[in-house]
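Worksheet: one structure, shown below.
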Amino acid sequence: VDFSADSGSVQDQLKQVRQLTSSLRAFCAIKADGSVVTWGDPAWGGDSSKVQDQLRDVQCVTASSRAFAALLKNGSVVTWGDAK
């Protein structure tokens, strides 16, 4: 598994991006439609598949060194990455 910053596996999804943020080993892009694309080391937030169905109407995303938190339009927060 490649944990690099190479966005090749998600490049086709990286259109109409309005915000980018990163943890130490992963990246997160918010698209114009409020959806999210992540890539990089899964243990550091590069895999958001477990919460992807909740990542709708995302307003902003912030990151710690190993995790991400998304603020949704309805005021709720969705997190993913290292839970430790």
Side-chain angles (χ1 to χ4, degrees):
V1 177
D2 181 9
F3 299 142
S4 71
D6 182 2
S7 62
S9 64
V10 296
Q11 191 62 48
D12 61 324
Q13 300 173 59
L14 295 175
K15 309 283 191 251
Q16 297 183 330
V17 172
R18 65 177 165 94
Q19 180 187 350
L20 286 172
T21 191
S22 67
S23 66
L24 289 179
R25 296 186 184 177
F27 292 87
C28 176
I30 303 175
K31 297 176 62 171
D33 65 1
S35 64
V36 165
V37 178
T38 58
W39 68 98
D41 188 332
W44 297 56
D47 179 4
S48 59
S49 61
K50 291 182 180 178
V51 296
Q52 194 63 43
D53 61 329
Q54 300 172 58
L55 293 172
R56 303 284 181 258
D57 296 322
V58 174
Q59 299 299 295
C60 65
V61 174
T62 191
S64 67
S65 59
R66 298 179 66 138
F68 292 94
L71 176 63
L72 308 185
K73 186 176 182 178
N74 67 8
S76 62
V77 174
V78 177
T79 61
W80 68 97
D82 188 359
K84 297 177 186 170

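Residues satisfying the side chain to side chain contact (heavy atoms under 4.5 Å, CB included) criterion with Lys50, sequence neighbours excluded, are absent altogether.
Connection of Ile30 to Val51 is established within a shared hydrophobic cluster, with ILVMFWY side chains joined at heavy-atom distances below 4.5 Å, either directly or through further cluster members. Hydrophobic clustering keeps Val37 apart from Leu55 (ILVMFWY residues linked when any side-chain heavy atoms are closer than 4.5 Å, directly or through intermediates).
The shortest non-hydrogen separation linking Phe68 to Phe27 is CZ-C, 4.0 Å. Nearest approach of Gly45 to Ala26, heavy atoms of both residues: C-CB, 3.8 Å. When every heavy atom of Ser65 is checked against every heavy atom of Ser23, the shortest pair comes out as O-CB, 3.3 Å. The minimum heavy-atom distance linking Ala67 with Asp82 is given by the pair CB-O, 3.9 Å. The shortest heavy-atom contact between Val17 and Ala29 is CG1-CB, 3.9 Å. Shortest non-hydrogen contact noted between Arg18 and Lys31 is NE-O, 3.3 Å.
Going from atom CG of Leu71 over to atom OG of Ser76 covers 7.5 Å, rounded to the nearest 0.5 Å. With values rounded to the nearest 0.5 angstrom, Ser7 atom OG is found 9.5 Å from Leu20 atom CG. Taking CH2 of Trp80 as the start and OG1 of Thr38 as the end, the distance is 7.0 Å to the nearest 0.5 Å. Once rounded to the nearest 0.5 Å, the distance linking CD of Gln19 with OG1 of Thr62 reads 8.5 Å. Distance check, rounded to the nearest 0.5 Å: CG of Asp41 to CZ of Arg66 gives 7.5 Å.
For the pair Gln52 (side chain) and Val36 (backbone), a donor-acceptor distance under 3.5 Å is present.
Counting non-hydrogen atoms of other residues, nucleotides and ligands closer than 6.0 Å to NZ of Lys15 gives a total above 12.
Comment: Lys73 does not engage Asp57 in a salt bridge, judged by the lack of any side-chain N to carboxylate O separation of less than 4.0 angstrom.
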Walk me through it: do Asp33 and Gln16 pass the test side-chain contact (heavy atoms from CB on, under 4.5 Å)? CA-CA 8 Å; Asp33 65 1; Gln16 297 183 330; over 6 Å; no

